[in-house]
Structure formats: structure tokens, C-alpha cells
Amino acid sequence: MNGIVLIIDDEKKICSLLSRIVELEGFKTLQANTGKEGIKLLKNNDVSLVISDVKLPDVNGVAMVKDIKAIKPFVEIINLTAYGTIADGVLAIKNGAFDYLVKGDDNDKIIPLLYKAMEKANLQQRVFDLEHKITGKHSFSTIIGQSKALKEAIDLAKRVSQTDTTVLLLGETGTGKEVFAQSIHYESPRALKPFVALNCSGFSPELLESELFGYKAGAFTGANKDKKGLLEEANGGTLFLDEIGEMNLDLQAKLLRVLENQSFIKVGDTHTQQVNVRILAATNKDLKADATSGKFRSDLYYRLSVFSIILPPLRDRKGDIPALAKHYLKEFSDKVNRSALKIDDNILSILTAHHWKGNIRELKNVIERLVILSDGNQLIKSALPPEFFEFTPLENNYNLQQVEKQHIQKVLIHTKGNKTETSRLLGIGLTTLYRKIEEYGITEI
């Protein structure tokens with residue numbers, strides 16, 4: 001355990017003695033004889049713990065606890081006094097002190113208390129650093145691209161992130177709607193609270209209701225104990241509802257109640273519960289048309305679409321493709337422990353010309369496959385999926401079927417014969433994979 005201990009005492013002998021005791025435990029110390037000197041040292045050094053006398057010539061040590069916490073919230077403070085009072089002790093703890101000790105009477109407690117306070121200070125700092133690392137990972141600055149359409153979407157998202165307004169993210173599959181939702185959350189005042197995502201298309205209506213609202217024990221067969229829903233899990237933070245257009249009409253009515261008054265009822269319960277949750281939603285459907293036709297509740301649509309952001313498809317921001325490709329190239333090279341692979345202009349031109357029906361998700365999968373199938377330190381054109389050659393001239397004697405066979409064989413080797421993972425990487429159905437294995441006479445791995 002490491003950290004700097006700041007000792008503040010107007011009696012220089014006591015200050016030096018305490019400093020020596022603390023240094024014998026392996027900690028570095030700083031000394032000050034007034035509150036003003038102590039605050040200056042606190043600001044200019046990475047202090048984890050302050051041991052301060054209560055009676056200082058320029059300030060009361062108990063009152064100074066608030067000043068210290070305002071400057072560095074994760075610093076712990078131990079107050080020492082020659083004449084302890086219950087009132088002072090209570091006030092010190094109320095102001096944020098770790099403990100309050102009487103000199104002489106509590107000498108045996110100082111060292112154990114020192115370790116406990118230092119452990120708490122270090123833990124709080126680690127948690128703070130981790131939270132801000134996560135926040136930085138999902139900030140708007142990590143979204144790659146310089147196209148006008150993308151910048152406009154980011155600008156709108158930045159503006160609305162500082163509010164609690166419900167946001168509806170619109171765009172084709174794979175355009176990065178969840179990435180935008182995470183960025184909105186992590187750059188909002190709710191950043192240090194939970195971000196919970198739910199794909200509404202992944203559950204039956206009954207299961208979706210249970211996932212969203214939770215249930216009481218005995219609500220249905222198999223409900224042996226109470227279960228928290230994702231609304232409760234996201235309390236204080238953000239709930240992201242992906243593919244909101246797949247939610248059935250009955251459940252939409254219950255979600256509308258949450259949006260209007262932040263309340264809900266668990267499955268099998270009769271009591272209303274309150275939550276404080278921001279709702280972000282996304283869909284690749286034309287929700288307005290569905291609301292007009294009755295497939296989606298119009299009142300919920302208008303409540304969700306208070307603030308809509310349209311994410312552009314990748315084919316409308318082709319200038320961003322090279323940067324995205326290079327980003328994912330580094331990511332997957334690191335993932336498989338390969339030195340940085342290079343991508344030439346020829347492949348970048350092919351990627352830029354592609355239509356990208358699956359948008360960024362499809363590009364990501366293609367780059368992952370290129371990394372797996374390319375030998376040496378450079379991506380090779382022949383490792384591109386077969387559909388790319390439907391739009392580009394083939395060289396003389398270039399056998400498309402042979403290329404496809406080689407692709408499948410390499411991916412099977414990479415996945416150690418896992419057909420499900422192989423079909424995912426190849427972007428084809430499992431049935432199609434089995435048919436091609438048989439058609440090309442590929443030996444089982």
C-alpha cells in the first residue's frame with residue numbers, strides 16, 4: 001500500500017514525531033504547522049490521507065475537514081485533539097472525517113487506523129479512475145468519422161446528452177445506435193450511474209415484460225423468488241431500448257406510463273414502484289409509418305420522438321470508411337496478437353466502393369475476416385469475401401469458387417472446426433456453410 005500522508009500540527013515536535021512514526025510504516029509524509037500551509041501542500045501533492053490537529057493557529061481542524069473534502073474528495077482525514085468532546089467528534093465525522101482521536105488516550109489506534117483510512121482512500125481513487133476510464137471509452141470523441149451527416153448527428157447528441165430528455169435514435173441496422181446511446185449516457189449528468197441495454201427483439205412479449213419490469217415470487221410457474229427488472233437495475237441512470245419497434249402494443253402502454261410518471265408495476269404485483277430512469281430508444285423501422293398504420297402506439301411514438309436523431313448509413317459517409325477500416329484493423333490485429341497489419345490503397349478503394357448493407361457492423365466483420373485470412377504483414381485482396389468480386393473485375397484465370405473454398409478452409413482452421421462461429425465470420429447461414437463444405441469437398445477439421 002502506498003500514498004502520501006499530510007500531517008498538520010502547530011507543535012513542531014509532535015508533527016515530527018508523528019511523521020517519523022508514519023514513515024516507519026513505509027509511507028511518505030509532508031508536514032505543515034498551519035491550516036494554510038497544509039491546504040497549499042494538499043493542492044500541490046498527491047495526498048491520500050491527512051492527520052490534522054483540531055486546534056490550529058489559523059483554523060479549526062474540524063471545520064477544515066470540509067475544505068479538504070471540497071479540494072480532494074477522496075482524501076481521508078483523521079482529526080487529533082488533546083481535549084476531545086463528543087460534539088466535536090460528531091461534527092468531524094459529519095463533515096467527512098474518517099475518525100476523531102484524543103491524543104494520549106488513543107495512541108494505540110493511530111497505526112491500525114492509518115492503514116484502514118489509506119485503504120479506503122486508495123480504493124475510492126481506483127473506483128473513480130475506473131469510472132472515468134469507462135466514461136472516456138464511450139465519449140463522443142471515440143466515434144470515428146468526419147462526414148457532415150455524422151457530425152450533425154454527434155452535435156445533436158451532445159446537446160441532448162446534458163438533459164434528461166427521451167431520445168429516439170433512428171437508422172439502419174449496424175449504423176451505431178447503441179454506440180450513440182452509450183455516448184449520450186456517459187457524457188450526461190448520469191454518467192456514473194448504470195447504463196442498461198435491452199434488445200426488444202430478443203424476447204417473447206411475456207419474457208420482455210418480465211425483463212423490463214421484473215416479477216414477484218409466484219407470479220407464474222418457475223417464479224420462485226422476486227426478480228428485479230431492468231428498470232430497477234437502471235435506477236438513477238439510463239435504460240436503452242433497442243429495436244423498440246418490436247415491442248407489442250400492450251407492453252407499449254406500460255412503457256408509456258414509465259415515461260409519463262416514472263412508475264411501474266412488477267408482474268404479479270399490485271403495488272406501484274417509482275424509478276428515476278432516462279429512456280433512450282432505437283429502431284431501424286419507420287416508426288412514424290407504423291404509428292399511422294396502428295402497428296405502434298401513436299401516443300408512445302410522439303412521447304419517444306421528442307428528440308430524434310437520424311444516424312446516416314455507411315454508404316452516405318464513404319469518406320469515413322478508410323479511418324474505420326484502419327481502426328478495426330488495429331483492434332483485430334491486437335486481438336489475435338499479430339503485429340500491426342497494413343492495408344493498401346487498392347483494398348481501401350474496394351471497401352469504399354462497397355454498398356455496405358450491414359453498415360459499420362458489416363465493415364467490422366469484413367476486417368476481422370481479413371485479419372484472420374491474410375498471411376504476412378499486409379492484408380491481401382483475395383481474402384475479401386466472395387461478394388466483393390461481384391462488383392470488381394476478376395484477374396485472368398481467377399477462380400471464384402477456389403477462392404471461396406480457401407476462405408472457408410482458413411476460417412474453419414481458425415475456429416478449430418466450430419461451424420457456428422465459422423458461419424458468423426463468413427457472413428453466411430449455418431445450412432449454407434454445410435452445403436458448401438459438401439459441395440467443395442472440404443475435409444472436416
Side-chain angles (χ1 to χ4, degrees), residues 144-145 147 172-176 313-443 445:
I144 298 166
S147 65
E172 296 177 8
T173 297
T175 50
L314 192 53
R315 62 182 171 274
D316 289 349
R317 41 180 293 223
K318 287 182 179 276
D320 293 336
I321 290 174
L324 285 163
K326 289 173 183 176
H327 169 79
Y328 290 123
L329 177 58
K330 183 179 186 309
E331 179 181 312
F332 290 118
S333 296
D334 292 344
K335 187 178 178 181
V336 297
N337 294 318
R338 293 185 63 176
S339 57
L341 295 170
K342 296 178 182 177
I343 183 168
D344 63 30
D345 291 340
N346 187 24
I347 293 179
L348 283 175
S349 296
I350 294 171
L351 294 177
T352 303
H354 190 61
H355 189 65
W356 298 112
K357 291 181 181 179
N359 294 293
I360 298 170
R361 188 178 294 128
E362 183 188 356
L363 173 62
K364 186 176 179 180
N365 289 341
V366 167
I367 298 298
E368 182 178 10
R369 185 161 64 179
L370 281 171
V371 170
I372 293 167
L373 298 177
S374 295
D375 299 316
N377 65 351
Q378 187 158 328
L379 299 185
I380 55 174
K381 180 180 175 182
S382 61
L384 284 164
E387 62 265 23
F388 278 77
F389 297 101
E390 297 171 9
F391 305 101
T392 56
L394 298 178
E395 291 85 349
N396 292 333
N397 302 319
Y398 198 84
N399 189 315
L400 184 57
Q401 289 185 331
Q402 186 62 29
V403 171
E404 186 174 47
K405 179 181 177 180
Q406 289 173 358
H407 281 339
I408 294 171
Q409 285 176 321
K410 283 191 175 183
V411 178
L412 278 167
I413 291 169
H414 175 74
T415 64
K416 297 180 175 60
N418 185 320
K419 308 294 192 303
T420 302
E421 179 65 6
T422 298
S423 66
R424 183 189 74 80
L425 286 170
L426 290 169
I428 60 177
L430 193 57
T431 305
T432 303
L433 174 63
Y434 276 106
R435 178 174 57 78
K436 288 184 180 292
I437 287 173
E438 184 177 352
E439 180 184 334
Y440 294 140
I442 296 172
T443 306
I445 303 302

Subject >> Non-hydrogen side-chain atoms of L314 and E362 separated by less than 4.5 Å >> reply: no
**OP:** Decide if atom NZ of K318 counts as having more than 12 heavy atoms of other residues, nucleotides or ligands within a radius under 6.0 Å.
**Re:** yes
Subject >> Q378 side chain near D344 side chain, heavy-atom distance below 4.5 Å >> reply: yes
Original post:
How long is the span from the CZ atom in R361 to the CG atom in L363, to the nearest 0.5 Å?
Top reply: 12.0 Å
Subject >> Point-to-point distance, once rounded to the nearest 0.5 Å, from CD1 of I343 to NZ of K381 >> reply: 13.0 Å
Subject >> Nearest heavy atoms of L329 and K342, plus distance in Å >> reply: CD2-C, 4.2 Å
Original post:
Short question: side chain of Q409, backbone of I442 - any donor-acceptor pair under 3.5 Å?
Top reply: no
Original post:
Given side chains that start at C-beta, do those of E368 and Y328 come closer than 4.5 Å, heavy atoms only?
Top reply: no
**OP:** Check whether any side-chain heavy atom of H414 lies under 4.5 Å from a side-chain heavy atom of L373, and answer yes or no.
**Re:** no
Subject >> Smallest separation among heavy atoms of L348 and P322, with atom names >> reply: CD2-CA, 3.9 Å
Original post:
So, R424 and E421, do they make that salt bridge, N to O below 4.0 Å?
Top reply: yes
Subject >> Residue pair R317 / S147: nearest heavy atoms and the distance that separates them >> reply: CB-OG, 3.4 Å
Subject >> Stepwise side-chain contact (heavy atoms from CB on, under 4.5 Å) test for I428 and T422 >> reply: CA-CA 9 Å; I428 60 177; T422 298; over 6 Å; no
Original post:
Shortest non-hydrogen contact from E172 to P313?
Top reply: OE1-CB, 3.8 Å
Subject >> I367 side chain reached by L351 side chain, heavy atoms, under 4.5 Å >> reply: yes
Original post:
Any ion pair linking K410 and D375 (charged N to carboxylate O, less than 4.0 Å)?
Top reply: yes
Subject >> Straight-line distance of H327 NE2 to I360 CD1, nearest 0.5 Å >> reply: 10.0 Å
Original post:
Which residue pairs pass the ring-ring contact (aromatic ring centres under 6.0 Å, His included) test when at least one of the two sits in residues 356-377, sequence neighbours left out?
Top reply: H354-W356, W356-F388
Subject >> 4.5 Å side-chain heavy-atom contact, T420 and L430 >> reply: yes
Original post:
With no hydrogens and no angle check, do the side chains of N359 and T175 hold a donor and an acceptor under 3.5 Å apart?
Top reply: no
Original post:
Sub-3.5 Å donor-acceptor pair from the side chain of S374 to the main-chain atoms of L370, do we have one?
Top reply: yes
Original post:
What heavy-atom pair brings I347 and I380 nearest, and what distance separates the two atoms?
Top reply: CD1-C, 3.7 Å
Original post:
Given side chains that start at C-beta, do those of K364 and F332 come closer than 4.5 Å, heavy atoms only?
Top reply: yes
Subject >> Point-to-point distance, once rounded to the nearest 0.5 Å, from CD1 of I144 to CG of L324 >> reply: 5.5 Å
Subject >> Residues L433, I408; criterion side-chain contact (heavy atoms from CB on, under 4.5 Å); working and verdict >> reply: CA-CA 8 Å; L433 174 63; I408 294 171; 3.9 Å; yes
